[in-house]
There are 2 protein chains.
Amino acid sequence: MQNSLIHHIKQFISLEPSDIDKLESCLEISKIKKKEHILKEGQICNTMYFVVKGCMRQYIINPKGAEQTLQFGIENWWITDYLSYHNHIPSNFYLQAIENSEVIAIDKTVLESLLIEIPNLERYFRIVMQKSFGAMQMRIKFLFTMSAEERYHHFNDHFPEFVQRVPQYMLASYLDFSAEFMSKIRAGKV
Amino acid sequence: MQNSLIHHIKQFISLEPSDIDKLESCLEISKIKKKEHILKEGQICNTMYFVVKGCMRQYIINPKGAEQTLQFGIENWWITDYLSYHNHIPSNFYLQAIENSEVIAIDKTVLESLLIEIPNLERYFRIVMQKSFGAMQMRIKFLFTMSAEERYHHFNDHFPEFVQRVPQYMLASYLDFSAEFMSKIRAGKV
DNA sequence: TCAAAAACTTGAACTACTTCAAGAAATTCA
DNA sequence: TGAATTTCTTGAAGTAGTTCAAGTTTTTGA
């Protein structure tokens, strides 16, 4: 079974066999147990994570002390704190596994040299980032224009399998409403 | 005076003189009058816009018929609908000048061939997109954790000159509250 | 320069959500 | 397996915002 990251990359660019060798020599899968953190607030994030299997989340602890999930990362998604990664500053976020997961962790220095050795890889990341940014623009649109109930139904319609996969209270905070309100939406009590 | 886009690119990567020539032959500045649209909902967005001078915004018309500003683009920012651009699908957004502006419009086909001719340009866009995505992650954090009043003060503290530059009602909708509420915040009546 | 248009303000009534508290159900793992 | 933990539910009370409508101020452009 081929490395799933290489498979993902090939969907966007073509790779020479020698490039694949280089990549494979740098990549290894690490297992992250459910609830384990790969980044905590205040740490500098020097790593990009590609989710091979399982599910990760990015969250914060808000001023009231409650956890708030800002992003999920499932199979074939990259997850990191891009600002901390890019500017080498302490992170605002936690990154945590919400299922037993497998990720490919690429250290910034390793990635920098890979990008120099395989220039075409810049193209891959450019495309992936543009797609992610586009998705984020749509997310802002949904947050701004839909009611809590509409956001829940919209998400549920588009990602029904995913809704089964994560605790409701995490999905509620991702959609920016309270767990209690989620319960009432689901019960039709709104 | 050098093309401000080339100046911007040079902050991230180095360019051969021949690359600069290639670039300059492809780029021209076009003037957009205040209130003029460069993209409307339903159109396919085939162009990326680099703001040389002035200010653009991305907005939608929400289900109640009101305009809602989702993003601003000032000098040295790229603005486009990335999802429409990337997937060649109709846009959800409007792109409009809110000051008399000058932009460099790069057509997708032109950009694609530039990226092939100047591979290093992929790196530039990859970096710019990663920075933008990081900024978007922070924006989600602020939207999720701060009250309307906190968002206003936070924005005002960080971008005081910009606050002077755009109509308050546009800023209010960008910060996700009503123009009337903005008025009350400013008057200290909350 | 001044009429029209755009932007801002105000208060009163309303509402979509939050918070709290407590119990019930489901899941985990020793 | 069953005790502990995590997750979900419910209702009552509260609140951070919206909406509406009308008036005022500022800006624009012929």
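Throughout, a chain's letter reflects where its sequence line sits, starting with A, and its residues are numbered from 1.
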Give me the ring orientation class for Y124(B) and H8(B): parallel if the planes are under 30° apart, tilted from 30 to 60°, perpendicular past 60°.
perpendicular

Nucleotide of dC8(D), dT10(C), dC17(C) approaching Q168(A) most closely (side-chain heavy atoms)
dC8(D)

Nearest-angstrom distance from the residue atom CG of D176(A) to P of dT18(C):
7 Å

Could you tell me the separation between the CG atom of N62(B) and the P atom of dT18(D), rounded to a whole number of Å?
12 Å

Distance, rounded to the nearest Å, where Q164(B) contributes CD and dA7(C) contributes P
16 Å

Looking at dG17(D), dT6(D), dT10(C), which one has an atom nearest to any side-chain atom of F177(B)?
dG17(D)

Per K34(A) side chain, nearest of listed nucleotides dT9(C), dA6(C), dT28(C)
dT28(C)

Residue among K35(B), E67(B), R57(B) satisfying side-chain hydrogen bond (donor to acceptor under 3.5 Å, both in side chains) with Q96(B)
R57(B)

May I ask you to check whether F133(B) and F133(A) place their ring centres under 6.0 Å from each other?
no

What is the separation between atom CE on M170(B) and atom P on dT27(D), rounded to the nearest whole Å?
15 Å

Take atom CG of L143(B) and atom P of dA16(D), then tell me their distance rounded to the nearest Å.
18 Å

Rounded off to whole Å, could you give me the CE-to-P distance for the M182(B) and dT19(D) pair?
16 Å

Does K189(B) reach a base, just sugar-phosphate, or nothing at all? Heavy atoms under 4.0 Å.
sugar-phosphate

Taking the minimum atom-to-atom distance to the side chain of S178(A), which one of dT19(C), dT10(D), dC8(D) wins?
dT19(C)

Where the side chain of E180(B) is concerned, which of dT18(C), dT10(C), dC20(C) is the nearest nucleotide?
dT10(C)

Selected nucleotide, minimal atom distance to P167(A) side chain, candidates dC8(D), dG11(D), dC17(C)
dC8(D)

Residue whose closest nucleotide on DNA chain C lies nearer the 5' end, S183(B) versus K35(B):
K35(B)

Can you confirm if the aromatic rings of W78(A) and F125(A) lie within a centre distance of less than 6.0 Å?
yes

Can the positive tip of R139(A) be found less than 6.0 Å from the middle of the six-membered ring of Y174(A), inside 45° of the ring normal?
yes

What about K184(B), does its side chain sit under 3.5 Å from the base of dG11(C) through a donor-acceptor pair?
yes

So, is K64(B) close to the dT19(D) phosphate, meaning a side-chain N or O under 4.0 Å from OP1 or OP2?
yes

Mind checking F181(B) for me? I need base, sugar-phosphate or nothing, with any heavy atom below 4.0 Å counting as a touch.
base

Interatomic distance where CD1 belongs to I185(A) and C1' belongs to dG11(D) [whole Å]:
16 Å

Where the side chain of Y169(B) is concerned, which of dA7(C), dC17(C), dT9(C) is the nearest nucleotide?
dA7(C)

Distance check needed: dG29(D) C1' versus K33(B) NZ, whole Å only.
12 Å

